[in-house]
Number of protein chains: 2
Amino acid sequence: MSLDTLRGTPSNLNRWADMSDLLGRLRGRGWRMTSQRRVVAEVLDGDHVHLTADEVHARAAQRLPEISRATVYNALGELVALGEVAEVTTDGRAKRYDPNAHHPHQHLVCSACGAIRDVHPTGDPLAGLPAEERFGFTVSAVEVTYRGLCPNCA
Amino acid sequence: MSLDTLRGTPSNLNRWADMSDLLGRLRGRGWRMTSQRRVVAEVLDGDHVHLTADEVHARAAQRLPEISRATVYNALGELVALGEVAEVTTDGRAKRYDPNAHHPHQHLVCSACGAIRDVHPTGDPLAGLPAEERFGFTVSAVEVTYRGLCPNCA
DNA sequence: TTCTTGACTTGGATTCTGTCCATCGTAGGA
DNA sequence: TCCTACGATGGACAGAATCCAAGTCAAGAA
């Protein structure tokens with residue numbers, strides 16, 4: 001089954017909506033399950049997880065030492081395409097992967113130590129952009145990153 | 001004169017505040033002017049400019065063929081440190097350099113073609129994060145990127 | 001259960017972005 | 001005009017990510 005097929009199947013999406021775990025949702029959507037993909041998904045499962053691809057690889061390799069970096073990149077790319085994981089770029093360095101994609105949220109980043117917290121602001125952030133400032137764009141998403149100092153670094 | 005010296009001189013900052021051009025401000029702040037730095041500043045001057053370092057280098061090289069990439073990176077880094085240019089990361093790829101740093105704004109990015117527009121939303125974006133969602137952080141800045149499709153790609 | 005096949009994994013090469021460093025050149029003050 | 005500290009150079013290097021050809025395997029079919 002191709003990624004394109006997986007992407008556009010609302011019936012599959014809904015059928016498994018009650019499963020809380022990433023792994024179950026993926027299996028339910030027909031994602032071909034391999035030992036490598038399983039450990040990548042397991043490493044990413046949870047709250048406040050913001051790992052780089054290399055960190056995911058390192059943790060996956062603890063359980064499956066022969067897993068390659070290319071496989072981790074492939075799996076992460078597909079999870080992002082499926083909408084199960086969000087890519088976030090908080091510094092200019094490596095992208096981070098956030099499995100909390102089903103709960104819209106924003107990020108609060110410490111400028112000193114790089115710590116990242118999920119935050120949930122009030123109101124619709126899209127509403128901040130009036131129509132006359134949209135220049136004909138169809139605006140569908142907004143990414144917000146707050147920066148400051150965490151309690152430890154302040 | 002060192003960067004540290006340049007950074008913290010409000011008198012210099014104000015003395016040249018009426019100059020509209022980047023080049024003039026830099027010279028007024030004592031930035032040592034070389035032919036390489038001049039073309040980098042000239043390439044960046046203007047509105048709605050969001051060039052990558054490589055694009056800056058390519059345009060600078062049209063006027064000064066022997067300019068090196070390291071020099072462009074050095075100059076860009078200093079312009080950012082001086083607060084004259086802002087770094088923006090709209091995709092996971094190369095950083096872009098935005099000379100519009102004196103007019104706070106946000107970015108509207110086309111998910112298809114990557115086009116970038118400066119936008120000016122209403123209200124204070126920092127106000128969107130209530131105190132109970134700040135977890136003890138001292139929040140000082142916020143970056144907002146709206147995503148969607150531009151008129152050409154829609 | 002075994003077979004089959006297309007999808008997945010591997011690891012090494014490659015690209016892209018950015019930094020570092022020793023050496024050379026020069027802007028701007030004396 | 002001369003000095004010299006600061007800036008430029010380009011090649012090496014490093015980190016992040018992608019590409020590719022060859023080998024492997026999950027899952028449906030028989």
Side-chain angles (χ1 to χ4, degrees), chain A residues 1-7 12 23 26-41 43 50-58 60-61 63-82 85 87-97 114, chain B residues 1-7 23 26-43 50-58 60-61 63-82 85 87-97 114:
Chain A
M1 191 181 295
S2 75
L3 252 194
D4 282 337
T5 311
L6 292 175
R7 232 188 307 258
N12 274 350
L23 217 55
L26 292 169
R27 197 191 294 277
R29 292 176 68 176
W31 204 47
R32 183 167 170 176
M33 192 53 66
T34 66
S35 55
Q36 294 86 350
R37 289 176 165 197
R38 190 191 327 279
V39 296
V40 168
V43 161
H50 307 95
L51 299 173
T52 64
D54 247 27
E55 288 166 350
V56 171
H57 178 242
R63 307 191 203 177
L64 201 62
E66 66 277 19
I67 192 172
S68 78
R69 289 182 344 111
T71 298
V72 170
Y73 275 104
N74 287 341
L76 289 173
E78 286 171 18
L79 291 172
V80 170
L82 287 168
V85 168
E87 270 179 0
V88 302
T89 307
T90 57
D91 50 10
R93 322 282 304 181
K95 292 177 197 165
R96 293 181 174 275
Y97 294 87
Chain B
M1 190 182 295
S2 75
L3 252 193
D4 281 337
T5 310
L6 291 176
R7 231 188 310 258
L23 217 56
L26 293 169
R27 196 189 294 275
R29 293 176 67 176
W31 203 49
R32 184 167 168 176
M33 193 54 66
T34 66
S35 56
Q36 294 84 352
R37 289 176 166 198
R38 190 191 328 279
V39 295
V40 168
E42 284 172 356
V43 161
H50 306 96
L51 299 172
T52 64
D54 246 27
E55 288 166 348
V56 172
H57 178 243
R63 307 191 204 178
L64 202 62
E66 66 279 18
I67 192 172
S68 76
R69 289 187 338 118
T71 297
V72 171
Y73 275 104
N74 287 341
L76 290 172
E78 286 170 20
L79 291 172
V80 170
L82 287 169
V85 167
E87 269 179 1
V88 303
T89 308
T90 55
D91 51 10
R93 322 282 303 181
K95 293 177 196 164
R96 294 181 173 274
Y97 293 87

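In the text below, chain A, chain B and the rest are named by the order of the sequence lines, each starting its count at 1.
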(message) Between A:Arg38 and A:Leu64, is the side chain to side chain contact (heavy atoms under 4.5 Å, CB included) condition met? List the steps.
(response) CA-CA 10 Å; A:Arg38 190 191 327 279; A:Leu64 201 62; over 6 Å; no
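- For A:His57 and D:dG15, the NE2 to P distance is 16 Å, given to the nearest whole Å.
- The nearest whole Å value for the distance from the CZ atom in B:Arg38 to the P atom in D:dG7 is 15 Å.
- Counting to the nearest Å, the P atom of D:dG15 and the CD atom of A:Glu55 are 14 Å from each other.
- Within the model, atoms CD1 of A:Ile67 and OG1 of A:Thr34 stand 7.5 Å from one another, a figure rounded to the nearest 0.5 Å.
- As a whole-Å value, the separation of A:Tyr73 OH from C:dT14 P is 19 Å.
- When all heavy atoms of A:Leu82 and A:Arg29 are compared, the pair lying nearest together is O-NH1, 3.3 Å.
- At whole-Å resolution of the value, CG in B:Asp54 and P in C:dT17 are 6 Å apart.
- The closest donor-acceptor contact from the side chain of A:Arg96 to the backbone of A:Thr90 lies at 3.5 Å or more, if one exists at all.
- Annotation: the span from A:Lys95 atom NZ to A:Leu76 atom CG amounts to 10.0 Å, rounded to 0.5 Å.
- Looking only at distances, no side-chain donor or acceptor of B:His57 sits under 3.5 Å from a matching main-chain atom of B:Tyr73.
- The residue among A:Ile67 and B:Arg96 whose nearest nucleotide of DNA chain C is located toward the 5' end is A:Ile67.
- One interatomic measurement links the two molecules: CG of A:Leu64 to P of C:dT10, which rounds to 7 Å at whole-angstrom precision.
- Counting non-hydrogen atoms under 4.0 angstrom, A:Arg69 reaches a base of the nucleic acid.
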(request) Sugar-phosphate means primed atoms, P, OP1 and OP2; the rest is base. With that split, encode nucleotides 21-27 of chain D 5' to 3' as B, S or - using protein heavy atoms under 4.0 Å. (result) ----BBS
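- For the OP1/OP2 pair of C:dA7 and a distance below 4.0 Å, the side-chain nitrogens and oxygens of A:Arg37 include no atom meeting the criterion.
- Comparing B:Asn74 and B:Gly92 against DNA chain D, the residue whose closest nucleotide sits nearer the 5' end is B:Asn74.
- Base engagement by B:Ala70 is indicated by at least one non-hydrogen atom pair under 4.0 Å involving a base atom.
- Following rounding to the nearest Å, B:Glu66 (CD) and D:dG7 (P) show an atom-to-atom distance of 19 Å.
- Comparing atom distances between the B:Lys95 side chain and each of D:dT18, D:dT9, C:dG18 picks out C:dG18 as nearest.
- The backbone N or O of A:Met33 lies less than 3.5 Å from no partner atom in the side chain of A:Arg27, so there is not a single donor-acceptor pair.
- In this entry the distance linking CD of B:Gln36 with P of C:dC24 reads 17 Å, nearest Å.
- Comparing atom distances between the A:Thr71 side chain and each of C:dT9, D:dT18, D:dT9 picks out C:dT9 as nearest.
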